[in-house]
Amino acid sequence: MESFTQQKVQRYEEFVDRRLKPDLQRAIDERDKVFEQQKIFADLRRNIENLEKNSVTSLRTLVNLGSEVYLQAEVPNTQYIFVDVGLGFNVEFTWSEALNYIQNREERIAKQIDEYNQSIASIKAQIKLVLEGIRELLQLPAEKSLPERSF
């Protein structure tokens, strides 16, 4: 009977290690990518707002050509900007069109982050449930939960 319990515990541990933990890490990595997108759009929004606020009509800037090689560029007319909309496509927008697009993207990104957070919480709950099952199989006393601290 003890051998059966050990086999069951081993299967549960393998399930946690081979399935749940990789799923958790994958979800966290994907959420981090979405956080990066969120930061890019927030930066772009702030830059456009600064251009509008300061009534910038032309500017000089550095453009990254790749591999951290920069070229000085002059933009004679800042009335339109190109925004990367994904899949290698850039769309020419006015400032207000770009801000509308960015707002829509930020809303969708916030929803994606919420979905990833829910997925992460669900996976963590599954891990906790399996670990509790292992604890019961081994007839170990329940862990005392630590009081939550508020900062």
Side-chain angles (χ1 to χ4, degrees), residues 7-137 142-143 145-151:
Q7 287 176 348
K8 212 168 193 177
V9 166
Q10 185 177 1
R11 280 190 301 208
Y12 285 142
E13 287 174 340
E14 286 176 3
F15 177 68
V16 168
D17 290 340
R18 292 187 182 169
R19 176 66 192 265
L20 294 179
K21 285 183 180 179
D23 286 353
L24 178 61
Q25 189 58 53
R26 201 170 12 261
I28 290 170
D29 291 345
E30 291 297 318
R31 183 190 60 185
D32 289 348
K33 288 178 189 173
V34 177
F35 276 140
E36 190 60 34
Q37 286 180 347
Q38 184 182 46
K39 182 187 177 318
I40 289 168
F41 280 106
D43 290 345
L44 180 58
R45 181 178 30 78
R46 277 191 298 279
N47 287 339
I48 293 170
E49 289 168 348
N50 283 333
L51 289 172
E52 281 184 321
K53 183 175 123 182
N54 297 315
S55 301
V56 175
T57 57
S58 65
L59 64 95
R60 291 175 62 93
T61 186
L62 292 177
V63 177
N64 187 349
L65 298 177
S67 300
E68 301 304 315
V69 174
Y70 291 88
L71 174 71
Q72 192 168 20
E74 187 165 329
V75 181
N77 180 359
T78 60
Q79 182 179 2
Y80 294 97
I81 62 170
F82 286 90
V83 178
D84 181 355
V85 295
L87 299 175
F89 291 98
N90 292 288
V91 175
E92 184 179 52
F93 287 124
T94 63
W95 289 346
S96 62
E97 290 170 338
L99 289 171
N100 283 337
Y101 173 77
I102 291 167
Q103 179 182 350
N104 290 335
R105 283 296 300 266
E106 287 178 322
E107 289 170 4
R108 280 188 273 149
I109 287 170
K111 287 178 186 176
Q112 282 182 300
I113 290 171
D114 286 343
E115 290 170 6
Y116 280 118
N117 285 337
Q118 290 174 5
S119 176
I120 289 166
S122 174
I123 295 168
K124 285 180 177 180
Q126 290 174 18
I127 290 172
K128 188 173 183 176
L129 184 67
V130 172
L131 294 178
E132 180 64 20
I134 291 171
R135 186 199 60 75
E136 286 180 11
L137 277 173
E143 290 183 19
S145 61
L146 297 173
E148 290 189 30
R149 299 197 294 180
S150 54
F151 295 95

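Keep in mind that the numbers below use all heavy atoms, side chains included, and drop hydrogens, waters and symmetry copies. If you read the sequence from its start, that first residue is 1, and numbering goes on from there.
Going from atom CD of Gln37 over to atom CD of Gln112 covers 6.5 Å, rounded to the nearest 0.5 Å. Note that the CD atom of Gln7 and the CG atom of Leu137 stand 12.0 Å from one another [nearest 0.5 Å]. Atom CD1 of residue Ile48 and atom CG of residue Leu99 lie 5.0 Å apart, to the nearest 0.5 angstrom. For the atom pair CZ (Arg31) and CG (Asp114), the distance works out to 11.0 Å, reported to the nearest 0.5 Å. From Glu115, atom CD reaches atom CD1 of Ile120 across 12.0 Å, with rounding to the nearest 0.5 Å. Taken from CD in Glu49 to CG in Leu44, the straight-line distance is 9.5 Å, to the nearest 0.5 Å.
Nearest heavy-atom pair, Ser119 versus Ala27, reported as atom, atom and distance to 0.1 Å: OG-CB, 4.3 Å. Nearest heavy-atom pair, Leu62 versus Gln72, reported as atom, atom and distance to 0.1 Å: CD2-CA, 3.8 Å. Between Val83 and Ala98, the shortest heavy-atom contact is CG2-CB, 4.2 Å. Across all non-hydrogen atoms, the minimal contact from Val75 to Thr61 is CG2-CG2, 4.5 Å.
In this structure, Glu97 and Val91 have side chains that are not in contact, with every pair of non-hydrogen atoms separated by 4.5 Å or more. Looking at heavy atoms from C-beta onward, Ile40 lies out of side-chain contact with Asp84 at the 4.5 angstrom threshold.
Using a 4.0 Å cut-off between charged nitrogen and carboxylate oxygen, Lys33 and Asp29 do not count as a salt-bridge pair. Here Arg26 pairs with Asp23 in a salt bridge; the nearest charged N to carboxylate O distance falls below 4.0 Å.
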Check step by step if side chain to side chain contact (heavy atoms under 4.5 Å, CB included) holds for Thr94 and Gln79. CA-CA 6 Å; Thr94 63; Gln79 182 179 2; 5.6 Å; no
Please walk me through it: do Glu132 and Arg135 pass salt bridge (Lys or Arg N to Asp or Glu O under 4.0 Å)? CA-CA 5 Å; Glu132 180 64 20; Arg135 186 199 60 75; 2.4 Å; yes
Using the rule given for side chain to side chain contact (heavy atoms under 4.5 Å, CB included), can you reason through Val34 versus Glu30, listing the C-alpha separation, both sets of side-chain angles and the distance that settles it, and then say yes or no? CA-CA 6 Å; Val34 177; Glu30 291 297 318; 5.8 Å; no
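Residue pairs meeting the ring pair (Phe, Tyr, Trp, His ring centres under 6.0 Å) criterion with at least one member in residues 55-93, sequence neighbours excluded: Phe93-Tyr101.
Glu136 is linked by a side chain to side chain donor-acceptor pair (under 3.5 Å) to nothing, counting only residues two or more places apart in sequence or in another chain. For Asn47, the side chain to side chain contact (heavy atoms under 4.5 Å, CB included) test picks out no residue, with sequence neighbours left out.
Trp95 places a side-chain N or O within donor-acceptor distance of the main-chain N or O of Thr78, the cut-off being under 3.5 Å. No side-chain donor-acceptor contact under 3.5 Å links Asn54 to the backbone of Val56.
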